[in-house]
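Remarks on the structure that follows.
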Amino acid sequence: MECSYHPGVETNLRCGKCGKPICPRCMVETPVGARCPDCAGARKLPTYRFSARYYLIGAGAALGMALVCGAAWGAIEWAVPFFSLNLLLAPAAGYAIAEVASLSVNRKRGTSLAVIGAAALVISYLVGIWSTGLLSDISFYEALPLTAVRAIYHIIALGLGIFVAVTRLR
């Protein structure tokens with residue numbers, strides 16, 4: 001007899017529920033025996049199932065929160081010019097972006113949503129840099145030159161923020 005899902009593959013195995021012939025490639029092991037994919041109900045958990053609508057909602061919420069966090073990040077960095085402060089601001093922004101994105105899609109999770117959260121954090125960082133530059137131009141604030149130490153702090157801070165956002169959404 002041939003497999004119902006893979007014509008041309010001979011098998012002696014049948015689904016324990018419906019009796020369809022199945023091969024070892026399409027067989028799903030369950031606690032009650034071998035089942036065909038239809039009877040096993042091998043689907044993702046609802047938490048990880050997304051439609052295009054959820055992606056758009058999650059991306060919009062993450063982008064909106066990224067803009068808000070970026071503006072706040074830039075204002076705080078301008079007001080308190082300690083570049084090590086980024087080590088606290090980036091994870092806080094990552095957490096805020098991830099929470100808003102997660103709430104907007106009814107607490108769903110997944111790799112794609114984690115990528116959206118990471119991209120939103122990078123956008124937030126860029127908005128923060130841009131707004132700091134604007135504020136320093138307006139108030140004639142002399143920003144410290146970007147040295148190697150500041151660059152390392154920025155990279156570490158960005159990595160921490162991305163880590164927080166991704167782990168909240170994965």
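If you read the sequence from its start, that first residue is 1, and numbering goes on from there. Values in this document were obtained by computation on a predicted structure and should not be read as measured data.
Clustering ILVMFWY residues whenever any of their side-chain heavy atoms sit less than 4.5 angstrom apart, transitively, puts L88 in the very cluster that holds I76. There is a path of hydrophobic side-chain contacts, each under 4.5 Å, that joins L85 to I129. Linking Ile, Leu, Val, Met, Phe, Trp and Tyr whenever their side-chain heavy atoms come within less than 4.5 Å puts I152 and L160 in one cluster. In this structure, L126 is not a member of the same hydrophobic cluster as V164, with clusters built from ILVMFWY side-chain heavy atoms closer than 4.5 Å.
In terms of heavy atoms, A62 sits closest to I116 at CB-CG2, 4.0 Å. Shown here for A40 and T30, the closest heavy-atom pair between the two residues is CB-CG2, 4.3 Å. Minimum heavy-atom separation, Y95 to R168: CE1-NE, 3.5 Å. The shortest non-hydrogen separation linking S102 to L169 is CB-CD2, 3.9 Å. Minimum interatomic distance between A101 and A61 (heavy atoms only, all atoms of both residues): CA-CB, 4.4 Å. Minimum interatomic distance between A165 and A98 (heavy atoms only, all atoms of both residues): O-CB, 3.8 Å.
Under a cut-off of 6.0 angstrom, the local environment of CZ in F163 is sparse, with at most 12 non-hydrogen atoms contributed by other residues, nucleotides or ligands. Within 6.0 Å of the CZ atom in R107, the count of heavy atoms belonging to other residues, nucleotides or ligands exceeds 12. More than 12 heavy atoms of other shown residues, nucleotides or ligands fall within 6.0 angstrom of atom OH in Y55.
Within the 4.5 Å cutoff, no side-chain heavy atoms of R35 are placed close to those of R14. No side-chain heavy atom of I162 sits under 4.5 Å from any side-chain heavy atom of Y125. Two residues are said to be in side-chain contact when any heavy atoms from C-beta on lie closer than 4.5 Å; N86 and H154 meet this criterion. Residues L89 and W73 have side chains in contact (heavy-atom distance under 4.5 Å, counting atoms from C-beta outward). For the pair F50/S112, no side-chain contact is recorded, criterion being any heavy-atom separation below 4.5 Å from C-beta on. Between V127 and I123, the closest side-chain pair of non-hydrogen atoms falls below 4.5 Å. The shortest side-chain heavy-atom distance between I97 and S124 falls under the 4.5 Å cut-off. Between T11 and M27, every side-chain heavy-atom pair lies at or beyond the 4.5 Å cut-off.
How far CD of E2 is from SG of C23: 11.0 Å, rounded to the nearest 0.5 Å. Atom CD1 of I57 and atom CG of L113 lie 11.5 Å apart (nearest 0.5 Å). Taken to the nearest 0.5 Å, the NZ atom of K20 stands 13.5 Å off from the CG atom of L13. Atom CG of L158 sits about 11.0 Å away from atom CD1 of I156, to the nearest 0.5 Å.
In this structure, the side chain of S4 does not engage the main chain of I22 through any donor-acceptor pair within 3.5 Å.
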